[in-house]
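Heads up: the structure comes next, in structure tokens.
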Amino acid sequence: MSDLLSLVQARAGAAPVRLGLILGSGLGHLAQAVQGVAIPYGDLPGFPHAGVSGHNPNLVIGDLEGVRVAVFGAREHYYENGNPAAMRPALELLKALGAQALIATNAAGSLRPDIPPGDLMLLSDHINFSGLNPLIGERTDARFVPMGDAHDPALRADLRAAAEAEGVALPEGVYTWYSGPSFETPAEIRAIKILGGDAVGMSTVPEVILARFLGLRVAAISTITNMAQGMSDEKISHEHTKAMAPLGAAKLERVLRRFLRNL
Ligand code: HPA
């Protein structure tokens, strides 16, 4: 870690970062809004290399709305290499850079007709439908992470206030982590509905667990790109996700900018 930290601080400066942002599918352009230094993941030992199309594999450290942030333009998903802890080095770096909080974003399918494609959803909580955990194999007692308030109530209140000020609807709901990379079946979506899921996606939950393990406060926002399988006649595909993500991305950017200005 100290080598990675020195490398990053040599390029981006040693001033402490306040907040980390992980950008989901189709949301990578927000990284370009940051006034700062972009470091390709390929230069960062332990960071994901290939990644998924629609993501921007750079770490950008700098100023966004007067706040020093570290923006992770891409994530490694569990389905890429079977590693639920793939984002651990990135989150450990974020902590070492001085951050106190993480905002994760993702593209997701909605199970709620009142949260249609193009809208945002703030995660009130999550369901780990995959049964996987990024802390399996961790030896210290710190692995027994309490998850009661994993989605930080104060951060969520600030995000809701920012959304309200921007006139953007930001309903809260429960996100369900499905391993992917295949999409869900209609029966799986019905099961997730019965379990209490409001949205479904292939990321974020391992990062929330890792961030809580590292003592970072966390909040996460989904941009809804489609109704979940079986809930509409629309065809679900990764192309469709990438095409629809920009609809929510513009709203997300306004909410995040306002949230940062109010920090
Ligand atoms: N399911 C899983 N992941 C997703 C979806 C979905 O319907 N939409 C965008 N990411």
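Both ligands and their constituent atoms are indexed starting at 1 by order of listing. No hydrogens, no waters, no symmetry mates; every other heavy atom, side chains included, goes into these values.
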If you count the atoms of ligand 1 from 1 in the order shown, which ones are under 4.0 Å from a heavy atom of [X]?
| X | answer |
| --- | --- |
| Ala107 | 9 (C), 10 (N) |
| Phe183 | 1 (N), 2 (C), 4 (C), 5 (C), 6 (C) |
| Asn226 | 5 (C), 6 (C), 7 (O), 8 (N), 9 (C) |

For the residue pair [X] and [Y], establish whether any side-chain heavy-atom pair is separated by less than 4.5 Å.
| X | Y | result |
| --- | --- | --- |
| Leu132 | Trp177 | yes |
| Asp152 | Val218 | no |
| Tyr175 | Val205 | yes |

Out of Glu184, His238, Met227, who is nearest to atom 2 (C) of ligand 1 when you count heavy atoms only?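 Considering heavy atoms of Glu184, His238, Met227, the nearest to atom 2 (C) of ligand 1 sits in Glu184.
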Check each of Gly109, Pro181, Ala199, Ser222 against atom 5 (C) of ligand 1 and report the one with the nearest heavy atom.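 It is Gly109 that holds the nearest heavy atom.
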For a quick check under 3.5 Å, do Glu138 and Thr140 share a side-chain donor-acceptor pair by atom type?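 A pair is found: one side chain offers a donor N or O, the other an acceptor, under 3.5 Å apart.
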Can Glu76 and Asn81 be counted as having a side-chain donor-acceptor contact under 3.5 angstrom?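 Yes, Asn81 and Glu76 have a side-chain donor paired with an acceptor closer than 3.5 Å.
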Take atom CD of Glu164 as the centre, draw a 6.0 Å sphere, and report whether it contains more than 12 heavy atoms from other residues, nucleotides or ligands.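 Counting other residues, nucleotides and ligands, CD of Glu164 stays at 12 neighbours or fewer.
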Looking only at heavy atoms, is any part of Thr241 under 4.0 Å from ligand 1, and if so is it the side chain, the backbone, or both, or is it neither?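 Just the side chain.
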Hey, is Asn106 touching ligand 1 through its side chain, its backbone, both or neither, going by heavy atoms under 4.0 Å?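 Asn106 to ligand 1: no contact under 4.0 Å from either part.
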Protein contact of atom 3 (N) of ligand 1 - nearest heavy atom, named by residue and atom, plus distance: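 Closest protein heavy atom to atom 3 (N) of ligand 1: Gly201 CA, 3.4 Å.
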Tell me the protein heavy atom at minimum distance from atom 9 (C) of ligand 1, and give that distance in Å.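 Of every protein heavy atom, Thr225 OG1, 3.3 Å lies nearest to atom 9 (C) of ligand 1.
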Examine ligand 1 and decide if any of its atoms is less than 4.0 Å from a heavy atom belonging to Tyr178.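 Under 4.0 Å: no for Tyr178.
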Looking at CG of Leu260 and CZ of Arg18, how far apart are the two atoms once the value is rounded to the nearest 0.5 Å?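 Between Leu260 CG and Arg18 CZ, I get 9.0 Å after rounding to 0.5 Å.
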